[in-house]
Undergrad: 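Before we start, here is the structure in question, set down as structure tokens.
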Amino acid sequence: MSVENAPVVDVDEAAIPVEKKMYYRFESNDKKEFRVSELAIQQSETLNRLVEAMGYTSEDVENKPAIAIENIDGKTLKLVFQWCEHHKGEAIPVDDGSVPKIVEIPEFDAKLMDIDNGLLFKLIWAADYLNIVQLLNVSCKKVANMAQGKTPAQLRRVYLLPSDEEDEAAKRAAQEAQDPRAREVEEEFEERKRQGGNSFF
Amino acid sequence: MGFLASLALALLECFRRRHSEELSSTNPAKPSEPKTSEESKTPIPKKPSTFKLLNLPWVAFNEVVKSMDPRDVFLMSLCSENTFTILKTWRTKVKWLCYIVDGNDLFVDISQSYNKNDSLYLAGTFSEIYEDVENQQQLVGVRIGGMDVQCL
């Protein structure tokens, strides 16, 4: 049947139920508000469960105050929701247990994560807190890529890994902070040792 | 035998690259255009990019290590006793492992399979370590599998 001969059916557009897009309002700890679509929210297991438990209707969203996310700032939350909106409707990946994990960073994600490492740290923290699996995967892959082709000394500098001496000093400082008497006992012990005493007690 | 041949090729490639780099560095520079006032200013040293890996939440830290190449995980375990203790839980079976001992140096290459890219990686590693030795970096004693070894 040609296109010209196809039967024309009059459709009453008003009769078709138009699915209204549902949006939720979220507020960061620095009081910045974001409107995020329901589909985008599904990328975050934490937020998805939260909105399900709250059972908000469209009217509730407008009338009630925005849902506060207390421990994420506006700058980080903006990146998180940008990522969720771009990847809305995508399937949430399941860990197949392969090591090393094969993760490809899409172009959009690479551009989104072209940020300083302080913000990247916050983004990973937020992805972990909000349980956004794929965002956590790509952001962690970016951090893992920083190690490529580095020597142990370079890795120590890049990842700010303390040396054995620094670890020991930090441990000693923590012990002293916990028990101020420990230093006095140690000094007394050293003093007695200098005086030639064999026994401390 | 095939491995030795490809390793030799990789080493030759490595030295050829080094030689060509040396030649290019000794070439006289082209006459440059007069510098503008902005260009003549001393460049601001770029702050090295750092990331507080150990401050990440445990789940995120696990994800980072899972996404890392096993070679990098191994090298990170050499950074300190603390990193070794943390990463020893990440023991994973590898299909291809190559230890090369040269004097006080130990080179390790790990892979799930052997292919041409591995030998190229080896060449890159040799080149980097060779440069480090030239810069007279001190060797550091570490323990691997209960044995004391020296590493850069």
Side-chain angles (χ1 to χ4, degrees), chain A residues 71 93 95-105 114-168 170-171, chain B residues 47-87 90-94 107-108 110-112 121 124-125 127-129 131-133 135 137-143 151-152:
Chain A
N71 36 13
D95 191 358
D96 59 356
S98 63
V99 176
K101 202 168 176 178
I102 297 152
V103 179
E104 281 193 20
I105 305 176
D114 191 14
I115 47 179
D116 66 273
N117 285 344
L119 192 54
L120 181 65
F121 182 90
K122 286 181 184 175
L123 183 69
I124 293 177
W125 203 96
D128 177 50
Y129 178 72
L130 300 174
N131 210 347
I132 307 172
V133 179
Q134 186 57 9
L135 178 59
L136 189 65
N137 285 348
V138 289
S139 51
C140 288
K141 181 68 184 174
K142 187 174 176 179
V143 176
N145 286 347
M146 290 177 191
Q148 277 179 353
K150 301 265 191 313
T151 61
Q154 288 168 332
L155 285 174
R156 220 178 273 144
R157 280 196 292 273
V158 170
Y159 289 137
L160 297 171
L161 302 171
S163 63
D164 287 342
E165 292 77 28
E166 286 166 339
D167 276 334
E168 195 62 41
K171 199 177 163 186
Chain B
K47 203 181 167 189
S49 169
T50 57
F51 189 90
K52 289 180 180 176
L53 184 66
L54 297 181
N55 289 14
L56 279 178
W58 182 241
V59 174
F61 177 81
N62 278 357
E63 285 300 322
V64 173
V65 179
K66 263 198 259 178
S67 304
M68 266 186 186
D69 190 297
R71 283 176 279 223
D72 298 328
V73 179
F74 170 75
L75 291 172
M76 203 163 81
S77 75
L78 301 179
C79 289
S80 70
E81 273 188 39
N82 188 28
T83 54
F84 174 73
T85 312
I86 295 167
L87 295 169
W90 278 98
R91 280 181 183 158
T92 161
K93 280 186 183 176
V94 288
F107 308 102
V108 182
I110 309 161
S111 179
Q112 294 298 330
Y121 179 85
T125 312
S127 165
E128 280 167 22
I129 290 173
E131 279 168 11
D132 285 342
V133 173
N135 294 338
Q137 279 195 4
Q138 282 193 338
L139 294 173
V140 181
V142 291
R143 283 182 74 79
C151 282
L152 278 168

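Naming convention: chains lettered A, B, ... in sequence-line order (proteins, then strands); numbering from 1 in each chain. When reading the values below, keep in mind they use all heavy atoms of this one structure, side chains included, and skip hydrogens, waters and symmetry mates.
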Undergrad: Should we say atom NZ of A/Lys101 is surrounded by more than 12 heavy atoms from elsewhere, each under 6.0 Å from it?
TA: yes
Undergrad: Please classify the contact of A/Ile102 with chain B as side chain, backbone, both or neither, using a heavy-atom distance under 4.5 Å.
TA: neither
Undergrad: Given that the side chain runs from C-beta out, which part of A/Glu166 has a heavy atom under 4.5 Å from chain B: side chain, backbone, both or neither?
TA: neither
Undergrad: Please flag which part of B/Asn62 lies under 4.5 Å from any non-hydrogen atom of chain A: side chain, backbone, both or neither.
TA: neither
Undergrad: May I ask you to check whether A/Phe121 and A/Trp125 place their ring centres under 6.0 Å from each other?
TA: no
Undergrad: Tell me, for A/Asn145 versus chain B, whether the close heavy atoms (under 4.5 Å) come from the side chain, the backbone, both or neither.
TA: neither
Undergrad: Heavy atoms only: give me the nearest A/Ala144-B/Val64 pair and the separation to one decimal.
TA: CB-O, 3.6 Å
Undergrad: Of all of A/Leu155, A/Asp116, A/Asp164, which one pairs up most often with chain B through heavy atoms under 4.5 Å apart?
TA: A/Asp164
Undergrad: Using a strict cut-off of less than 4.0 Å between a Lys/Arg side-chain nitrogen and an Asp/Glu carboxylate oxygen, indicate whether B/Lys66 and B/Glu63 qualify as a salt bridge.
TA: yes
Undergrad: Take A/Lys150 and B/Asp72, measure what side chain to side chain contact (heavy atoms under 4.5 Å, CB included) needs, and give me the verdict at the end.
TA: CA-CA 8 Å; A/Lys150 301 265 191 313; B/Asp72 298 328; over 6 Å; no
